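Just below is one structure, and these are the notes that go with it.
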Amino acid sequence: MSQSSSSLPAAESAAYDPHAVQAKWQARWAEEDPFRAGGDEDTRPRKYVLAMFPYPSGDLHMGHAENYLYSDIVARFWRHRGYNVLNPIGWDSFGLPAENAAIKRGADPVKWTYENIAQQRESLKDYGVSFDWSRVLHTSDPEYYRWNQWLFQRLYEKGLAYRKESPVNWCPNDQTVLANEQVVEGHCERCGAEVVKKKLTQWYFRITDYADRLLDDLNQLEGFWPQKVIQMQRNWIGRSVGADIDFRIEGREGAVTVFSTRPDTLHGATFFVVAPDSDLAAELAEGSSPEVRARFQDYLDGVQRESEIERQSTDRPKTGVFLERYAINPVNGERLPIWAADYVLADYGHGAVMAVPAHDQRDLDFARAFDLPVKVVVDTTAPLTGAIPVIELDENGVPIDPGADELTLDTIDPAKTGIALTGEGRMINSGSLDGLSKRNAIARIIDQLEAAGTGRAAKSFRLRDWLISRQRYWGTPIPMLHAEDGTIVPVPDEQLPVLLPSVDGLDLKPKGTSPLGGATEWVTTTDPESGEPMLRDPDTMDTFVDSSWYFLRYLSPRDAGEAFSAREANKWGPVDFYIGGVEHAILHLLYARFITKALFDMGLVEFTEPFSSLINQGMVILGGAKMSKSKGNLVLFQEELDAHGADALRVALAFAGPVEDDKDWDDVSTTGAAKFLARVWRIAHEVTSSPDVVWAEGDPALRRVTHRLLADAPGLVEQTKFNVVVARLMELANATRKTIDSDAGPGDPAVREAAEAIAMVLDLFAPHTAEEMWEALGYDSFVGLVPWRQANPMLLVEESVKAVVQIDGKVRATLDVPARIDGAELEALARADERVKRSLGDREIVRAIVRPPKVVSFSTR
RNA sequence: GCCGGUGUGGCGGAAUGGCAGACGCGACCGACUCAAACUCGGUUGCCCGAGAGGGCGUGUGGGUUCGACUCCCACCACCGGCACCA
């Protein structure tokens, strides 16, 4: 029954009950499944909308509330716009927390994980997210992780999965290795313990083979991914361009190669440094005197005891030992003493450098510490062609005489000042390079080295290969077999999955080797061909392997025959809209990009980037601080749902501010949102006209507000300005309220038109309330599926507008003028206006700029 | 140190180079109430002024423009990332 007037006391009209509304529509959705993505028969254009899937540790929190709200707004929007939308959900359900719960409380990781999933799933259903629930996946299901193993085998076949012994990041607390990306400021990303280096044999994915493409393809994402993420990935990949240069070493066969970004300074090399933990250092020390060997061993022991943070501290003094060996500079035959020093890293470049102390600060610091010679080969005081000398002025504007002596090479001698000359300049003391600029000298020296066969242009990357072995239980078993003689054989595809053995009887406590090693029956197996005894690889994969391709599995989640359907992948992929926290800027997002490119090279997908557009939502904080269980400053998702209902929480979050910004819970008003929802609910129930009413007969002022919202909202949603869309909805609700309360009354056709538009747009934010409104308005279809109401362009043009008159840049008058007024007429009106005349006084207008119908700008003398 | 981002009322925030502060929160005033809460209506950038009105205002200083939160230059502050990567 419709109410005829808003002035009725609240007790007489049915009250808005968010929880009843929520329960009712969730039941209807569960029954009729309206948000399932369309199949092959569906001819609509497609949109793949995706939010990063949750990790099932405990309850959902406010970060999840934001994440799945924003993706749902976008999914619902594209459905209204006539798209076949895929909006799937699943769980990233392998990982440490399940295992830690098992160790701490004796919980079964399987039970713990799946109970948490069940709980999170209920919360998400209660939140009214329009997921396609038929595609749910869990990465800890054998049906999923068998395809991780399949992926591993494909990478292995291509030489992209390999084993090597190398110094690795080791978390002494979790007793496992970590990928480079999982070390944050020298600490374990998960538990915060200080990471140490350890030499181990581990499995790697050869992501460095893709370094150039991962870097260059970021250009395609410019404008579609957050600038910050693109920049972080660029820094992380860290391409340096320069040359590889071969040095002979006295008393040793074969050349040693170093990488340098400044091959132009090769003539200035005065010593040579190798990383103490490199094989080369050990070999050179081995060939030296017993004293040197002992000193080197001491030094190496010290270096290896240091944590990563100690070692990476920039301002600590340089240390090293002279190995009493010499390298020969290929351009001039000079003997360069070889030192082992820990400022050179074993796993960057070639683990050795030519040291040019005059032009590299680190080399200079080392040279000064150990009294090694410094040879200047770039004159940075010499002006380059076209360079304009900078003349500085003192406080009186008088040019400061630079002083002849201040600019000489002598006064800036790095050996005296301790400041390396890293700037531009002209080559000196460099034979045939003399007189050249840096850029030209680099080009020429590379030519010369190539001609002599002692060097070549080269690139080097900061990015290291992705270490994927983990000495933990709750992950995907690495599907490889080891023979006694060290031979490694892959488990054949038809024997996959290699199932994770039951946790019963296993000791999960971190002890440095995988708990799976203790599952004797599981570990002991035979060669699939020869039947020889073999041992299974006891390690599990980094869980980032799981999430590096999950977006493809959603496309055919029940397929038992392949990881994903290439056809479906090329139909839906790449993901059109991806949203998640910025914490994955270089972990998950880099790995997913790498795996996508690898799959492209295998011909399994036709795209090279997985996510066409990316949004990082901000965090929900409390009182300016990050929420955390340990601080006890948590706002609980389920509690907020229970307080005012899903819709109020959704509207409050969407309205709180821009998607990318952090939102302080103190500024998120669920009560304000609840009030707004009650207002629009009432509007829908007060409408007295019938659905077939003629809108054109409605109040034109209200109609204009309605149609402006219909016209503007799509652009705003596409720019993810959800807070503005909510504001505009509030404006329309306010305008509708006013019309209902005016003489026009609730029967005015414009009121119905406005109420229907509110319901349709509100569906993005408050779907339960929107459905209830739609039903109250007399429809029995889901409002979530109605096509977007087109704005009538005739109604977007105002009949009269306010024109402003500026005099010397200040607004002095506003005029009500017809929207179609021409310039001359507008200017005449402005000149005639009393306020304008008064403001002008006796000043004379010397220039008039007229932009009808909005602005007249006069300038006076 | 290098790279990136952000600075707008008491607060969250709006604003294709064209009336800065939409929308909301809070606050204040009023209606309803015995009263309070709820709800509804109004006011709300700062300063001067009784008022009409005037002045000042988007981190700071300059510039471009008839006109700048918006574009350009320099600086300051805060936030984030990387950091002995040769």
Side-chain angles (χ1 to χ4, degrees), chain A residues 6-7 9-11 184-185 226-236 238-240 242 245 258-263 265 273 275 311-316 318 341-345 347-356 359-363 365-366 460-464 582 585-586 651-652 655-658 660-664 666-669 671-673 675-676 678-679 682 715-716 721 723-734 737 741 802-815 835 838-839 845-851 854-860:
Chain A
S6 65
S7 58
V184 180
E185 286 173 3
Q227 192 53 49
K228 181 180 173 172
V229 174
I230 292 176
Q231 200 55 44
M232 282 168 76
Q233 292 215 356
R234 285 194 178 128
N235 289 343
W236 191 261
R239 179 164 59 198
S240 297
I245 305 169
V258 302
F259 173 75
S260 174
T261 52
R262 293 294 303 275
T265 63
V273 188
R311 176 159 181 179
Q312 285 174 4
S313 162
T314 319
D315 46 4
R316 80 196 175 117
K318 293 280 182 288
D342 67 355
Y343 81 92
V344 171
L345 308 175
D347 55 355
Y348 181 76
H350 305 283
V353 301
M354 66 178 205
V356 185
H359 305 290
D360 181 281
Q361 191 61 49
R362 297 152 301 183
D363 295 344
D365 294 344
F366 192 85
S460 192
F461 294 90
R462 218 192 75 103
L463 181 71
R464 311 292 152 83
V582 74
I586 34 189
V651 168
F655 185 56
E660 305 83 358
D661 290 9
D662 286 352
K663 285 146 210 87
D664 201 313
D666 293 338
D667 302 320
V668 178
S669 175
T671 51
K675 258 195 284 194
F676 165 68
R679 271 164 70 83
R682 269 176 61 209
L716 290 168
K721 293 188 171 184
N723 56 329
V724 182
V725 180
V726 175
R728 301 289 301 274
L729 263 172
M730 289 172 169
E731 269 180 273
L732 179 55
N734 292 343
R737 177 82 264 152
D741 292 343
K802 283 200 164 51
V804 303
V805 184
Q806 298 183 350
I807 297 172
D808 291 334
K810 290 195 194 308
V811 176
R812 295 299 177 185
T814 60
L815 311 168
R835 288 159 301 184
R838 187 159 13 103
S839 257
I845 296 171
V846 294
R847 184 167 179 191
I849 306 280
V850 186
R851 294 270 180 278
K854 292 180 91 175
V855 176
V856 179
S857 179
F858 293 129
S859 344
T860 67

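Within every chain, numbering begins at 1; the chains are lettered A, B, ... in the order of the sequence lines, protein sequences first and strands thereafter. Remember, it's a predicted structure, so these values are computed and weren't measured experimentally.
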(Q) Quiz question: going by heavy-atom distance under 3.5 Å, is there a donor-acceptor pair between the base of B:C66 and the side chain of A:Ser857? (A) yes
Q.
Does a side-chain N or O of A:Ser859 approach OP1 or OP2 of B:G67 to a distance below 4.0 Å, or not?
A. no
Q. Between A:Lys802 and B:G18, is there a side-chain N or O to OP1/OP2 distance below 4.0 Å?
A. no
Q) Counting any heavy atom closer than 4.0 Å, what does A:Lys663 reach on the DNA or RNA strands: base, sugar-phosphate only, or nothing? A) nothing
Q. According to a strict under-4.0 Å criterion, is A:Asn734 in side-chain N/O contact with OP1 or OP2 of B:G24?
A. yes
Q | Phosphate contact (B:A83 OP1 or OP2) by A:Arg462 side-chain N/O below 4.0 Å | A | yes
Q: Indicate, with a heavy-atom threshold strictly under 4.0 Å, whether A:Asp661 touches base, sugar-phosphate, or nothing.
A: sugar-phosphate
(Q) Please give the distance between the P atoms of B:G26 and B:C73 as a whole number of Å. (A) 42 Å
Q: Would you give a per-nucleotide map of nucleotides 50-65 of chain B, 5' to 3', where B means the base has a protein non-hydrogen atom under 4.0 Å away, S means only the sugar-phosphate does, and - means neither?
A: -----SS---------
Q: Indicate, with a heavy-atom threshold strictly under 4.0 Å, whether A:Asp363 touches base, sugar-phosphate, or nothing.
A: nothing
(Q) Students often get this wrong, so: under 4.0 angstrom with heavy atoms, is A:Gln806 touching a base, only sugar-phosphate, or nothing? (A) base
Q. Checking all strands, does A:Arg239 fall into the base, sugar-phosphate, or nothing category for heavy-atom contacts under 4.0 angstrom?
A. nothing
Q: Could you classify B:G10 for me, syn or anti, using a glycosidic angle within 90° of 0 as syn?
A: anti
Q) Would you say the base of B:C84 and the side-chain of A:Lys318 have a donor-acceptor pair closer than 3.5 Å? A) yes
Q) Roughly how far apart, to the nearest Å, are B:G51 and B:U60 at atom P? A) 29 Å
Q | Spacing of the P atoms in B:C28 and B:G18 (rounded, Å) | A | 37 Å
Q) If the C1' atom of B:G21 is compared with that of B:C56, how far apart are they to the nearest Å? A) 15 Å
Q) Checking all strands, does A:Pro658 fall into the base, sugar-phosphate, or nothing category for heavy-atom contacts under 4.0 angstrom? A) sugar-phosphate
Q: Answer with base, sugar-phosphate or nothing: what part of the nucleic acid does A:Val804 contact at a heavy-atom distance below 4.0 Å?
A: base
Q) Any idea how A:Phe259 and A:Tyr348 line up, ring-wise: parallel (<30°), tilted (30 to 60°), or perpendicular (>60°)? A) perpendicular
